[in-house]
Amino acid sequence: PHRLTFCMAPVDVDSHNQRSALIQMARDFSRLGVVKLLSTVRVTTRVPTCPLQLRDAEQRHSALELYLWLAQRFTDRFPDLKLAQDVSERSNRFIQAALQILTREQIGKRERKRKRRTRKQAEQLEQEINTVPEPEVVSTKGGAVRLNDLVRPRYT
């Protein structure tokens, strides 16, 4: 029955960190009979400041969630349930703070890019306006006609 419970644990098998945490928890469970939180899960200790740190913090948080999931099923073998809950809440706050910081940074970068882009577009338009020659005027029997009108057909 214990093996089945470990097999049913909510783990992203594509995540190396989650697979490693599950394997370590299963080893400690079978060898030691008890699974200590700090021996199986690395804890996030500060707010992530870049996307890679954020991804790492999320993976660590997932390992905490795995510990909590297993601790609810094996209360006597996972003694650090309360500690895991506290660390999970703290980790969640770190991740939320990082998301807010990184989102503000991304918005700021987009705004600066947009302003730079519109400034460049305005400069390009100004150059185009300054480099376009005045249309030449040719006199014909019907009066003055712009040279551009002779090139394009006029529909009336």
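Both backbone and side-chain heavy atoms feed into the values below; hydrogens, waters and symmetry mates do not. One-based numbering along the sequence shown.
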Notebook entry, point to check: If you look at every heavy atom in Val13 and Arg19, which pair is closest and at what distance?
Noted result: O-NH1, 2.6 Å
For residues 84-95, tabulate all N or O donor-acceptor pairs below 3.5 Å that involve a side-chain atom, not counting sequence neighbours.
unit_1 : atom_1 : unit_2 : atom_2 : d
Asp86  : OD1    : Lys82  : NZ     : 3.3
Ser88  : OG     : Glu65  : OE2    : 2.9
Ser91  : OG     : His61  : ND1    : 3.1

Next item on the list: Any chance you could measure Asp12, atom CG, to Asn17, atom CG, to the nearest 0.5 Å?
Entry: 10.5 Å
Notebook entry, point to check: Can you tell me how far the SG atom of Cys7 sits from the CG atom of Leu22, to the nearest 0.5 Å?
Noted result: 8.5 Å
Check: Should Leu70 and Met8 be regarded as members of a common hydrophobic cluster, given that ILVMFWY residues are connected when their side-chain heavy atoms come within less than 4.5 Å of each other, either directly or indirectly?
Finding: yes
Next item on the list: Go through the steps to decide whether Arg77 and Val35 satisfy the test side chain to side chain contact (heavy atoms under 4.5 Å, CB included), and finish with yes or no.
Entry: CA-CA 6 Å; Arg77 303 278 186 105; Val35 181; 5.5 Å; no
Next item on the list: Output, in order, the C-alpha distance, side-chain angles, deciding distance and verdict of side chain to side chain contact (heavy atoms under 4.5 Å, CB included) for Leu68 and Leu81.
Entry: CA-CA 6 Å; Leu68 289 169; Leu81 177 61; 3.7 Å; yes
Check: Should Leu32 and Leu83 be regarded as members of a common hydrophobic cluster, given that ILVMFWY residues are connected when their side-chain heavy atoms come within less than 4.5 Å of each other, either directly or indirectly?
Finding: no
Item checked: Sidechain-backbone polar pair: Gln18 side chain, Val11 backbone, donor-acceptor under 3.5 Å -> no
Note to self: Could you report the tightest heavy-atom contact between Ala9 and Trp69, atom names first, then the distance?
What the structure shows: CA-CZ3, 3.4 Å
Checklist line | Arg27 vs Ile23, side chain to side chain contact (heavy atoms under 4.5 Å, CB included): CA-CA, chis, key distance, verdict | finding: CA-CA 6 Å; Arg27 278 188 190 136; Ile23 291 168; 3.6 Å; yes
Next item on the list: Might you point out which heavy atoms bring Pro48 and Ala98 nearest each other, and give the distance in Å?
Entry: O-CB, 3.3 Å
Next item on the list: Give a yes or no answer on whether the side chain of Tyr67 reaches the backbone of Asp80 with a donor-acceptor pair at less than 3.5 Å.
Entry: yes
Notebook entry, point to check: Do Leu66 and Met25 have side chains that get closer than 4.5 Å, going by heavy atoms?
Noted result: yes
Next item on the list: For the pair Thr40 (side chain) and Lys36 (backbone), establish whether a donor and an acceptor sit closer than 3.5 Å, ignoring hydrogens and angles.
Entry: yes
Check: To the nearest 0.5 Å, how far apart are CZ in Arg42 and CG in Leu37?
Finding: 13.0 Å
Next item on the list: Let me know which of Val47, Thr49, Ile101, Leu99 forms a side chain to side chain contact (heavy atoms under 4.5 Å, CB included) with Leu54.
Entry: Leu99
Check: Parallel, tilted or perpendicular for His2 and Phe29, by the 30°/60° rule?
Finding: perpendicular
Checklist line | Nearest heavy-atom neighbours spanning Val34 and Pro79 | finding: CG2-CD, 3.4 Å
Checklist line | Pairwise side-chain contact, Gln24 with Ser20, heavy-atom cut-off 4.5 Å (strictly under) | finding: no
